[in-house]
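Read through the structure below, which is laid out as structure tokens, and then see the notes.
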Amino acid sequence: MKILILGATGMVGQGVLRECLLDPDVQLVQTVGRSATAAQHAKLREVVHQDLFHYDAIDANLSGFDACFFCLGVTSSGMSEQDYQRVTYGITLAAAETLSRLNPRMTFVYVSGAGTDSSERGRSMWARIKGKTENALLRLPFAAAYMFRPGIIQPLYGVKSKTQLYRLFYALGKPILPLLRLAFPKYVLTTEQIGRAMLSVAKQGYPRHILEIEDIRAAAARVTRLCAQAARPVN
């Protein structure tokens, strides 16, 4: 498989990138973003591109991919509805429309969030805009598109958020998050689980196109089971 990742420097994107590089079925991982990652790997190719609303200049680098994992996102805190929509909806659709044209057989996976409002009419600004973004993506002519709605995310393997407030939250909550995941598994996912779930739906699909927390966990478990089976010695 050849995988394209947007948002690979963010917390979720770092975890997804790690899982892609570890997966033996993945031949190439290409990131696209305003800055390169710190990762070094023979499978990894990075494209630094400043204008995330326009991709004409790098069209030649965006075809021939089996899947795109779109992990780019911002917090709505302190943002007006217009500004949040411009980033969340505008940047996502600019990339997705280009990729659907260049890769009609692509599987597109978008990181949304628990509580997203598919009706686009609820009171929560961020949930409405995330819902509008999901709905627009599901209408595009991809081979398949999946919307991931994680809740609380536990970063693993040195993954860190770029957002200062989130970094503080995770620094203070580091001792507690593993306990929360054990006590409330329906609400907490790890970056490893999200990355494995993305690979799972890209390879095998999934019965639903909107994946809530339990669906993401189930999709990730399919990859975990396959890895365990492959590691068993042959008698």
Side-chain angles (χ1 to χ4, degrees), residues 4-8 10-13 16 32-34 51-55 62 67-104 106-153 161-163 165-166 169 186-189 191 193-195 197-198 200-202 205-220:
L4 184 67
I5 302 177
L6 281 85
M11 187 182 77
V12 173
V16 171
V32 175
R34 290 178 175 142
D51 186 356
L52 299 181
F53 290 95
H54 303 95
Y55 294 88
L62 299 178
C68 174
F69 299 155
F70 195 95
C71 307
L72 186 66
V74 296
T75 175
S76 63
S77 178
M79 296 184 74
S80 68
E81 182 164 351
Q82 181 179 5
D83 288 342
Y84 185 69
Q85 177 164 305
R86 180 175 180 272
V87 174
T88 299
Y89 180 87
I91 288 179
T92 306
L93 267 294
E97 287 170 355
T98 298
L99 293 173
S100 65
R101 172 173 55 83
L102 296 174
N103 303 273
M106 171 180 276
T107 294
F108 190 93
V109 182
Y110 173 64
V111 179
S112 186
T116 292
D117 177 15
S118 297
S119 76
E120 305 178 32
R121 295 191 297 269
R123 292 185 177 182
S124 174
M125 178 268 283
W126 75 264
R128 289 196 309 271
I129 293 173
K130 284 283 191 179
K132 179 179 179 179
T133 306
E134 285 186 354
N135 292 338
L137 291 171
L138 290 169
R139 289 193 293 266
L140 290 177
F142 287 112
Y146 298 97
M147 310 295 112
F148 274 37
R149 294 180 174 182
I152 300 171
I153 301 172
S161 174
K162 293 172 66 177
T163 305
L165 181 62
Y166 288 175
F169 168 78
K186 292 184 178 181
Y187 302 102
V188 184
L189 293 166
T191 48
Q193 286 175 308
I194 294 171
M198 287 189 176
S200 174
V201 301
Y206 198 77
R208 288 181 286 279
H209 289 278
I210 295 177
L211 284 78
E212 303 289 352
I213 297 169
E214 291 186 3
D215 297 301
I216 297 170
R217 182 178 295 104

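A114 approaches I213 most closely through the heavy-atom pair CB-CD1, 4.4 Å. Annotation for V201 and T107: closest pair O-CG2, 4.4 Å, computed over non-hydrogen atoms. Here the shortest heavy-atom pairing between S118 and N135 reads O-ND2, 2.9 Å. Smallest separation of non-hydrogen atoms from S112 and R149: CB-CG, 4.2 Å. When every heavy atom of A219 is checked against every heavy atom of L211, the shortest pair comes out as CB-CD2, 4.4 Å. Of all heavy-atom pairs spanning A202 and A67, the tightest one is CB-CB, 3.9 Å.
Not a single donor-acceptor pair under 3.5 Å links the side chain of R34 to the backbone N or O of D51. The backbone N or O of Q85 lies less than 3.5 Å from no partner atom in the side chain of T88, so there is not a single donor-acceptor pair. Not a single donor-acceptor pair under 3.5 Å links the side chain of H209 to the backbone N or O of Y146.
Here the CE-CZ distance, from M106 to R101, works out to 12.0 Å after rounding to the nearest 0.5 Å. Interatomic distance, CG of L137 versus OH of Y89, reported as 8.5 Å (0.5 Å rounding). Distance CD/E134 to CZ/R139: 11.5 Å, rounded to 0.5 Å. For the atom pair I210 CD1 and L138 CG, the distance stands at 6.0 Å (nearest 0.5 Å). Here CG of D215 is found 13.5 Å from CE of M147. Values are rounded to the nearest 0.5 Å. The line from OG1 of T92 to CG of L52 is 10.0 Å long, rounded to the nearest 0.5 Å.
Among Y110, F70, F108, the one residue that satisfies the ring-ring contact (aromatic ring centres under 6.0 Å, His included) test with F142 is F108.
The shortest distance between side-chain heavy atoms of V109 and C68 does not fall below 4.5 Å. Within the 4.5 Å cutoff, the side chain of W126 has heavy atoms near those of the T116 side chain. The shortest distance between side-chain heavy atoms of F53 and R86 falls below 4.5 Å. No side-chain heavy atom of I5 sits less than 4.5 Å from a side-chain heavy atom of V32. In this structure, P150 and I194 have side chains that are in contact, with non-hydrogen atoms separated by less than 4.5 Å. Under the 4.5 Å side-chain criterion, counting only non-hydrogen atoms from C-beta, S80 is not in contact with M125.
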> Hey, mind stepping through T98 and L62 against side-chain contact (heavy atoms from CB on, under 4.5 Å) and telling me if it holds?
Replying inline: CA-CA 9 Å; T98 298; L62 299 178; 4.2 Å; yes
>> Checking L72 against I91 for the side-chain contact (heavy atoms from CB on, under 4.5 Å) test, could you report, in this order, the C-alpha distance in whole Å, the side-chain angles of both residues, the deciding distance, and whether it holds?
In response: CA-CA 9 Å; L72 186 66; I91 288 179; 3.5 Å; yes
> Step by step, would you call V87 with D83 a side-chain contact (heavy atoms from CB on, under 4.5 Å)?
Replying inline: CA-CA 6 Å; V87 174; D83 288 342; 5.9 Å; no
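Ion pair K130/D117 not flagged as a salt bridge, since none of the NZ, NE, NH1 or NH2 atoms sits closer than 4.0 Å to an Asp/Glu carboxylate oxygen.
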